[in-house]
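Data block below; observations after.
Here the structure is a predicted model, which is why all the values come from computation and not from measurement.
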Amino acid sequence: MAKNNVQPKPVGITETVLRDAHQSLIATRMSTDEMLPIVEKLDNVGYHSLEAWGGATFDACLRFLNEDPWERLRKIKDKAKKTPLQMLFRGQNILGYRHYADDIVKYFVQASIANGIDILRIFDALNDVRNLECAINATKEYCRKEGRGHVQATVCYTTSEFHTNEKFVELAKQLEGMGADSICIKDMAGLLRPYVTYDLVSKMKAAVKIPIQLHTHYTSGEASMVYLKAIEAGVDVIDCAMSPMAMGTSQPPTEPIVAALQGTPYDTGLDLDKLIEICDYFKPLREKYISSGLMNTKVMGVDVNTLKYQVPGGMLSNLVSQLKQQGREDAYEDVLKEVPRVRADLGYPPLVTPSSQIVGTQAVLNVLMGERYKMVSKETKAIVKGEYGKCPGEIAPDIVKKIIGDEERITCRPADLLKPELENMKKECAEWIRQPEDVLSYALFDQVAVKFFKYREANLDKVDNTLVDRENKVYPV
C-alpha cells in the first residue's frame, strides 16, 4: 500500500441532494419547485459546490416533469449566489445516450456555462480519453471567455483484470496533461474499499498536482469508511448528500461526515446547525417519495452483492422501474446476476451512463426473453461496433459475430465519423425554438423535447416562462 506524507487539511464537500441523490433514489423525479425553497440555505452553508444539473436531470425534466431543464438551472443559479454550481457531463455523449458531433458538444458546453454552471465534471463511460478531448477543450475556451469555470476530468472507477490503481493513476496524469483543473475519482457503483481507496488516492496525489475529488455511493455499505481513508490519504473534496436523501444507492450523508471531522485537522468548517435545518426540509419530501412508491425499498438498504454485480445507484433504481413496468419484479435477482455476465461479454466497460443503461437493458432482455442475445438493443450493437469508443477488454469474436454479424468495427475516435449537426437541428426544430438552448434540448432528446415544447405552447399561462425577456448569453458556435 502506498504511503504518503500529505499534511492533514480541511476537506471540501460537494452537496449532491439536488442531482445525484435523487437520481439514485427516486429516478431523478425531484421537481424544481421542490428544490427552490431550500437553495438559498444550501448556498449559505459553505459547500465546495452544489451539484445541481446534468446526468439524468435533463431527460427527467423533459420526459416526466414537463419542465425546462435550462430554466431549472437559471432559477437555481439565481438563488445560489455564493456557491459554485456543478454538473455531470458525459463527454461526447453530453447528457444523452449516443455520441454527438463536436459542434453540438461545443455549443452545449457554452450554453451550460452561460446559464450558470461553474464546474463541469466530464467523464467517458469507457475511460476513452479521445471522447473527452472536445468537451475539455470547449470548457477551457468558454471558461476563459466568461472569466470563470472549472474543468473536472473524471476517472471512472471499476474493477476487473483490466483495471488497476496504477492504470487509474496513469489516466489521471493523462487528464491533467489535457488541461483538467481537478480530477474526480467517480465510483458510481460503490465498489471502492477503504484500504484500496487509501492506496489509490495516495498514489494519485503523488502523481498529479491538481486537486482530487472522490465520488462514491453507499450501495455496498462501505462509503463512509472509504471517505475517511481517502481523507487520510489527502483527498481534497468528497461528495455527500443530505441525510434524508443519502445512503442506499445514494451518497454518504453530509451531516455525520461533517460531525465526524469536527475538531480534527480535516474539519470541513461547515455549521452542523445549518445542515440540520436543511435536513428538516427534506424529511417530509422523503416521506412523500416513500408513500408515492418513488423511493423503493430495494434501493434504500445495503447490498454487499453490488461488489459482485457492480450496479450503480441510478442504474439500480432504473432496473427496478423497468421490471415493474413489465410486471416482472420477480426477475430482479436474475437480472442482477446477468449484469456482470453481459459486462464481461462487452469487454468490461465501467458501469456508468450510458454503458450502465446499455448493459442493464441487455441483461433485462436476456432474462425476459429466456435466451441470451435473442434480442439485442441497438445500443448494445453500437458498443460492440465501437461507436462509443474502445472498451477496456477485448470482446470475444463469437460475441461480436452474434451481436453485429459481419459489420466492420470502428477503431478511430467515434466522433470523427460524425458530420456537424447543429445547423440541421436548428432547421428541424425551428417552429419550436423560443430560446437558443431549445435546439440543444431537441438535439439530445428529439421527440421527447418536442412533446415538452408542445406542452409549453399549450400551457404558457401556467408555465413560469421568462424566455422572451431574459438576457441572451448564448451565442452561435
- prompt: Got a donor-acceptor contact below 3.5 angstrom from the S355 side chain to the P350 backbone?
  reply: yes

message: Taking I212's backbone N and O only, do any of them form a donor-acceptor pair with D236's side chain (distance below 3.5 Å, no angle check)?
response: yes

- prompt: To the nearest 0.5 Å, what is the distance between CZ (R98) and CD (Q92)?
  reply: 10.5 Å

message: Would you compute the distance between atom CD of E51 and atom NE2 of H48 and round it to the nearest 0.5 angstrom?
response: 11.5 Å

- request: Please work out which of the three classes, parallel, tilted or perpendicular, describes the rings of W53 and F108, given edges at 30° and 60°.
  value: parallel

query: In this structure, which one of D187, D20, T154 forms a side chain to side chain donor-acceptor pair (under 3.5 Å) with H215?
result: D20

- request: Evaluate the side-chain proximity of L228 to P194: yes if any heavy-atom separation is below 4.5 Å, no if none is.
  value: no

- prompt: How many angstroms lie between CZ in R286 and CG in L294, if you round to the nearest 0.5 Å?
  reply: 13.0 Å

query: Regarding Q213 and T14, is there a side-chain donor-to-acceptor distance under 3.5 Å anywhere?
result: yes

task: Please check if the side chain of S202 supplies one atom and the backbone of D199 the other of a donor-acceptor pair under 3.5 Å.
output: no

task: Output yes when K173 and E170 qualify as a salt bridge under the 4.0 Å nitrogen-oxygen rule, no when they do not.
output: yes

task: Please confirm whether the backbone N or O of A241 pairs with a side-chain atom of T254, one donor and one acceptor, at under 3.5 Å?
output: yes

- request: Using atom types as modelled and distance alone, determine if a side-chain donor or acceptor of R121 lies under 3.5 Å from a backbone N or O of L88.
  value: no

- line: Heavy atoms of V109 and A135 approach each other most closely as CG2-O, 4.2 Å

message: Within the 4.5 Å heavy-atom criterion, are W70 and C61 side-chain neighbours or not?
response: no

From CA spacing to verdict: side chain to side chain contact (heavy atoms under 4.5 Å, CB included), N115, K77: CA-CA 8 Å; N115 278 273; K77 186 66 174 179; over 6 Å; no

- prompt: Heavy-atom count around K324 NZ within 6.0 Å, excluding the residue itself: above 12?
  reply: no

Closest contact, heavy atoms only, V258 versus T268: CG1-OG1, 3.6 Å

- prompt: Any side-chain heavy atom of Y218 within less than 4.5 Å of one from P253?
  reply: yes

message: We want to know whether E34 and Y289 form a side-chain donor-acceptor pair, criterion being a heavy-atom distance below 3.5 angstrom.
response: yes

task: Would you confirm whether S220, through its side chain, and G190, through its main-chain N or O, come within 3.5 Å as a donor-acceptor pair?
output: yes

message: Could you check whether R148 pairs with D118 (Lys NZ or Arg NE/NH1/NH2 to Asp/Glu carboxylate O, under 4.0 Å)?
response: yes

task: Report the distance from atom CG of D273 to atom CD of E255, rounding to the nearest 0.5 Å.
output: 11.5 Å

field: V235 side chain near Y198 side chain, heavy-atom distance below 4.5 Å
entry: no

- prompt: Is a side-chain donor or acceptor of E15 paired with a backbone partner of M242 at a separation under 3.5 angstrom?
  reply: yes

message: Within the 4.5 Å heavy-atom criterion, are L285 and P244 side-chain neighbours or not?
response: no

- request: Go through the steps for L73 and M87 under the test side chain to side chain contact (heavy atoms under 4.5 Å, CB included), then give the verdict.
  value: CA-CA 10 Å; L73 174 56; M87 75 171 292; over 6 Å; no

- request: Verify whether one side chain among T158 and R343 offers a donor that lies under 3.5 Å from an acceptor in the other.
  value: yes

statement: From the list D239, V237, L270, side chain to side chain contact (heavy atoms under 4.5 Å, CB included) with I13 holds only for L270

task: Start with the C-alpha distance between L42 and V17, add both sets of side-chain angles, then the distance that settles side chain to side chain contact (heavy atoms under 4.5 Å, CB included), and finish with yes or no.
output: CA-CA 10 Å; L42 287 166; V17 73; 4.2 Å; yes

message: Could you report the tightest heavy-atom contact between M178 and N137, atom names first, then the distance?
response: O-OD1, 4.4 Å

task: Please confirm whether the backbone N or O of L444 pairs with a side-chain atom of Y100, one donor and one acceptor, at under 3.5 Å?
output: yes

message: Can you tell whether the side chains of E67 and K75 come within less than 4.0 Å, N to carboxylate O?
response: no

- prompt: Looking at CZ of F89 and CG of L132, how far apart are the two atoms once the value is rounded to the nearest 0.5 Å?
  reply: 10.5 Å

- line: Rounded to the nearest 0.5 Å, the CG atom of L65 sits from the CZ atom of R29 at a distance of 7.0 Å

message: Parallel, tilted or perpendicular, judged at 30° and 60°: which one describes the rings of F58 and F445?
response: parallel

- request: Return the minimal non-hydrogen interatomic distance between I119 and P84, and the atom names on each side.
  value: CD1-CB, 4.1 Å

task: Using a 4.5 Å cut-off on heavy atoms from C-beta on, say whether the side chain of T57 contacts that of P69.
output: no

task: Please check if the side chain of Q23 supplies one atom and the backbone of A56 the other of a donor-acceptor pair under 3.5 Å.
output: yes

field: Nearest heavy atoms of S24 and H217, plus distance in Å
entry: OG-CE1, 3.2 Å

- prompt: Can you find a pair of side-chain heavy atoms, one from L351 and one from M188, that are under 4.5 Å apart?
  reply: no

message: Let's go through E277 and K274 carefully: what are the C-alpha distance in whole Å and the side-chain angles of both, what is the deciding distance for salt bridge (charged side-chain N to carboxylate O under 4.0 Å, His left out) to 0.1 Å, and is it a yes or a no?
response: CA-CA 5 Å; E277 189 176 350; K274 289 182 179 179; over 6 Å; no

message: Check this for me: does any side-chain nitrogen of one of K106 and E141 sit under 4.0 Å from a carboxylate oxygen of the other?
response: no

query: Should R341 and D345 count as an ion pair when the cut-off is N to O under 4.0 Å?
result: no

message: Is a donor from one side chain sitting under 3.5 angstrom from an acceptor on the other, for R72 and T32?
response: yes

task: Using a strict 4.0 Å threshold on nitrogen-to-oxygen distance, state whether R413 and D128 make a salt bridge.
output: no

message: Just checking R130: does its CZ atom have more than 12 heavy atoms from other residues, nucleotides or ligands closer to it than 6.0 angstrom?
response: yes

- request: Mark yes when over 12 heavy atoms from residues, nucleotides or ligands other than Q262 sit less than 6.0 Å from its CD; otherwise mark no.
  value: yes

query: Are the side chain of E176 and the backbone N or O of K209 linked by a donor-acceptor pair below 3.5 Å?
result: yes

task: Hey, can you tell me if H163 and F168 have their rings parallel, tilted or perpendicular (30° and 60° cut-offs)?
output: parallel

- prompt: Considering all heavy atoms of both residues, which atom of M204 and which atom of V169 are nearest to each other, and what is their separation?
  reply: N-CG2, 3.9 Å

message: Does any part of the side chain of C391, heavy atoms only, come nearer than 4.5 Å to the side chain of L126, both counted from C-beta?
response: yes

- prompt: Where do T197 and M225 land on the side chain to side chain contact (heavy atoms under 4.5 Å, CB included) test, with the steps shown first?
  reply: CA-CA 10 Å; T197 303; M225 295 180 283; over 6 Å; no

field: Working for side-chain hydrogen bond (donor to acceptor under 3.5 Å, both in side chains), residues D68 and Q435
entry: CA-CA 11 Å; D68 178 5; Q435 60 177 340; 2.7 Å; yes

